[in-house]
Amino acid sequence: MENKAASQNPIGIFDSGVGGLSVLNELRRLLPQENLLYVADQAHVPYGSRPLDEIRRFSEAITHFLLVHKAKLIVVACNTASAAALTNLRNIFPAVPFVGMEPAVKPAARQTQSGRVGVLATATTFASERYADLMARYAREVVVWEDPCRGLVDLIESGEVDTPVTMTLLQDILDPMLASGVDTLVLGCTHYPFVIPLLRQISGPEVMIIDPAPAIARQVERVLQQNEKLASTSAAGEVRLFTTGAAGLFTGQVRGLLGMSERGETAVWRQDGNELVLQSAQV
Ligand code: DGL
């Protein structure tokens, strides 16, 4: 009985902003019966140029928030937060199943024909130990072009997913990679799938673009299965969307990016002594 009730609890998902919605979208597609609870930390976006320990503090507080709202599994739908905080989160919350993200260097290295792979991520992800590990394990045999895509997250947050400014920025990033023979592009930041149409226009049809979101959704399904926590209902799940920024704006972003009509709710940051706490504005 208790297990059954627990299986109706939501999957918690967080990111610095709208990026993790690319993962939420895949989760809705694969697991439509699951309740989803999303936090966009737009008060602090972008994470990608912040120090690792700051991102760890945010991630820990957001995890607390999601657990207060009874999350049964947490998806760190942000490569930067995963690089900075995933190991810590698993240590601090050993009973919680986490699914994190990392740039898909392994599949890219396996499938490239030219031996040249482009990785688009954030500066903080590139600077992390997790990324260095990944490179050492899987990228020995290939040439990897890295680009921190400065300014791209901000453009996507302000809705510029198909404007000339974004197109120019992406051209400046991709042109030298493509000229050097890169045939595989890894999207190592969850914001970037929202500009796949522009990336495709620049790269042409031959280049493989790896968006990890579908694989992450399958991994969530596997972990829920292993923990016997898959929702045991056939009814469609509910989606609750929190932002630490402006709720009205976030509602519009979600509608624009995913065509969803759910309204954004506000979560507020509070300093409690030494502790940083996130709470729902309604409490
Ligand atoms: N969406 C995030 C990622 O996957 C972070 C973007 C940012 O806030 O810089 O890395």
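If you're wondering where the values come from, they're calculated on a predicted model, not measured in any experiment. Ligands are counted one by one from 1 in listed order, and the atoms in each one are counted from 1 as well.
Of all the atoms in ligand 1, the ones that sit under 4.0 Å from a non-hydrogen atom of Gly48 are 7 (C), 8 (O), 9 (O). Of all atoms in ligand 1, listed by their number and element, those nearer than 4.0 Å to a heavy atom of Asn79 are 3 (C), 4 (O), 10 (O).
More than 12 heavy atoms of other residues, nucleotides or ligands sit less than 6.0 Å from atom CD of Glu54.
Only the side chain of Thr122 comes within contact range of ligand 1, with a heavy atom under 4.0 Å; no backbone atom does. With a 4.0 Å cut-off on non-hydrogen atoms, Thr190 touches ligand 1 through its backbone as well as its side chain. Under 4.0 angstrom from ligand 1, the non-hydrogen atoms of Asp15 all belong to its side chain. Residue Ser16 touches ligand 1 through its side chain alone, judged by heavy-atom distances below 4.0 Å.
Aromatic ring centroids of Phe14 and Phe65 lie 6.0 Å or more apart.
Looking only at atom types and distance, the side chain of Arg50 has no donor-acceptor partner in the side chain of Thr80 under 3.5 Å away. A donor-acceptor pair shorter than 3.5 Å can be found between the side chains of Glu146 and Tyr131. For the residue pair Ser232 and Gln8, a side-chain donor N or O sits within less than 3.5 Å of a side-chain acceptor on the partner.
In this structure a side-chain-to-backbone donor-acceptor pair under 3.5 Å is present from Ser82 to Met101.
In this structure, Gly17 falls outside the shell of residues with a heavy atom less than 4.0 angstrom from ligand 1.
Distance from atom 7 (C) of ligand 1 to its nearest protein heavy atom, with residue and atom name: Tyr47 N, 3.3 Å. Of all protein heavy atoms, the one lying nearest to atom 10 (O) of ligand 1 is Thr80 OG1, 2.6 Å.
Below 30°, between 30° and 60°, or above 60°: for Phe98 and Phe93 the angle between ring planes is between 30° and 60°, a tilted geometry.
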